[in-house]
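Presented below is the structure to which this report refers.
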2 protein chains.
Amino acid sequence: MLTHAEENYLKAIFKITERQNKSASTNKIAEYVNTSAASVTDMIQKLAVKELIHYEKYKGATLSEVGNKLATQLIRKHRLWEVFLCDKLKFPWEEVHDIAEELEHINSAALINRLDNFLGNPRFDPHGDPIPNAEGKFMLRNQSTMDNLQVGQKCVLVGVSQHSVPFLQHLNSLKIKLGTAFKILDKLDFDKSMKIEVDSVNQVTLSHTVANNLLVKLI
Amino acid sequence: MLTHAEENYLKAIFKITERQNKSASTNKIAEYVNTSAASVTDMIQKLAVKELIHYEKYKGATLSEVGNKLATQLIRKHRLWEVFLCDKLKFPWEEVHDIAEELEHINSAALINRLDNFLGNPRFDPHGDPIPNAEGKFMLRNQSTMDNLQVGQKCVLVGVSQHSVPFLQHLNSLKIKLGTAFKILDKLDFDKSMKIEVDSVNQVTLSHTVANNLLVKLI
DNA sequence: TTTTATTTTTAGCCATGTCTAAATTAATAT
DNA sequence: ATATTAATTTAGACATGGCTAAAAATAAAA
């Protein structure tokens, strides 16, 4: 059985190696688990002994097959709890991450399977991230970031690739949420900002940073 | 903020001093938190320094006002989660304790208040134990243990004072659950067992131990 | 290709919460 | 009242997970 700390390290390595296609560096992991590089070295050595990760001195860490399985189950638990918090308890989407961060450490397969059923076996969490099934398979979706679209194209928001509270609150204030439909009205060259029509009613301008963090599906 | 361990000690002392009307002994606490007496001595000394308990060498521990407040909130969380597990996730009542034992350590007042609302502000948990409200007030009920009743009296099961899995499964097998109505048919002197009519249909014999752990309300 | 800067590791230390064994105090029985 | 038993505390140790400061390895720049 894993400790909380071990679980957090596995999840960090999962997320880092998922984004970049190479091993997770000590510093990057330290940033994710909010600790010092020295502590990370200690911990990843222990995880390597337990064969949860592959680790070579000075070359970072990647998950072993077992470690990957465990990390995936954590992601599953985290995202299911987020759905519970938003759908059932009506939490706003910017508040669910921290609570789910604690809930994900509860250990009970029966609990998670019943929760999954109770929620109607959701495929995506409140931020649009896919929820792996009990076997660890993720559902993929063809999506792109909004800044890639051309003037005139229409799309629907299916996810956000940043979960920070200020970013999500910014979207709230623009009345943008998952499912919102957009039409690209204009793209400004000098700062890459975009003029957008939201739900066929109001127009807003999005900075490149914002557009880059919006995951959309063409319609 | 409290650690898991500290929370478990406070809860243990709460339960012990709730039952007996005197301070919780080192050994008793050790039994509740499943550790050695030496470890308990260590921990209660720390808790005393933090003024969460009153402690005098060789004389056991009682909760301070602050400690009592914290313990009560833990009980509240535990019991609300038990309701969630039974009512929403349809867990059988003998399986919820262990899971709630983990869930109760999640720290979020917003979460608990929303959960309380979501569940319809229940006053009692699946074993019939009262759930303190956000201010820590318990709802009391006039109840007695079934072994106190006389032949001919009728009652309804409103709680169980033992939560062990075998005991609860035994009740399952007898089709006895909260809300079940009984009539006392006979009391046997030599072993204090009782002959009972359950829900006006089947008759069963309950040992004194079982009857003593059934909390009932006369009707 | 050296020098410099950055990253990673090692070494030594600390707090938490546990343990066993031994010592001390309290309770019980003769 | 004293001896025995039981309960409690102390002492010393260990595992986990964190820290800082210094050393070593790698990467970047001159």
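First the proteins, then the strands, lettered A, B, ... as listed; each starts at 1.
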Distance to the ring centre below 6.0 angstrom and angle to the axis at most 45 degrees; does that hold for K88(B) and F118(B)? yes
Separation of atom NZ in K50(B) from atom P in dG17(C), rounded to whole Å: 7 Å
Residue T3(B), side-chain atoms from C-beta onward, closest of dG17(C), dG18(D), dT20(C): dG17(C)
Using a cut-off of less than 4.0 Å, is there contact between a side-chain N or O of S25(A) and OP1 or OP2 of dT7(C)? no
Checking the side chain of K69(A) only, and the main-chain atoms of G136(A) only, is there a donor and an acceptor separated by less than 3.5 Å? no
Measure from CE on M43(A) to P on dT9(C) and round the result to the nearest Å. 15 Å
Taking any heavy-atom pair under 4.0 Å as a contact, classify T41(A): base, sugar-phosphate, or nothing. base
From CG of D42(B) over to P of dA15(D), roughly how many Å is that when rounded to an integer? 17 Å
Consider the side chain of N27(A), meaning its heavy atoms from C-beta on, and name the nucleotide among dT9(D), dT18(C), dT8(C) that approaches it most closely. dT8(C)
R141(A) side chain vs K217(A) backbone, donor-acceptor pair below 3.5 Å: no
Which residue lies more 5' along DNA chain D, comparing S36(A) with K57(A) via nearest heavy atoms: S36(A)
Evaluate whether atom NZ of K187(B) has more than 12 neighbouring non-hydrogen atoms of other residues, nucleotides or ligands under 6.0 angstrom away. yes
With nearest nucleotides of DNA chain D determined for A37(A) and K59(A) from heavy-atom distances, which residue corresponds to the more 5′ nucleotide? A37(A)
Any donor-acceptor pair under 3.5 Å linking the side-chain atoms of N27(A) with those of S25(A)? no
Side chain of S39(A) - closest among dG18(D), dT8(D), dA21(C): dG18(D)
Could you check which of dT8(C), dC19(D), dT10(D) has an atom nearest any side-chain atom of Q45(B)? dT10(D)
Please pick, from dG17(D), dA21(C), dT9(C), the nucleotide with the shortest atom-to-atom distance to any side-chain atom of A5(A). dG17(D)
Distance test, side-chain N/O of Y9(B) to OP1/OP2 of dT18(C), below 4.0 Å: yes
Rounded distance (Å) that lies between atom P of dA26(C) and atom OH of Y58(B): 7 Å
Check the distance between dT10(C)'s P and Y55(A)'s OH and give it to me in whole angstrom. 6 Å
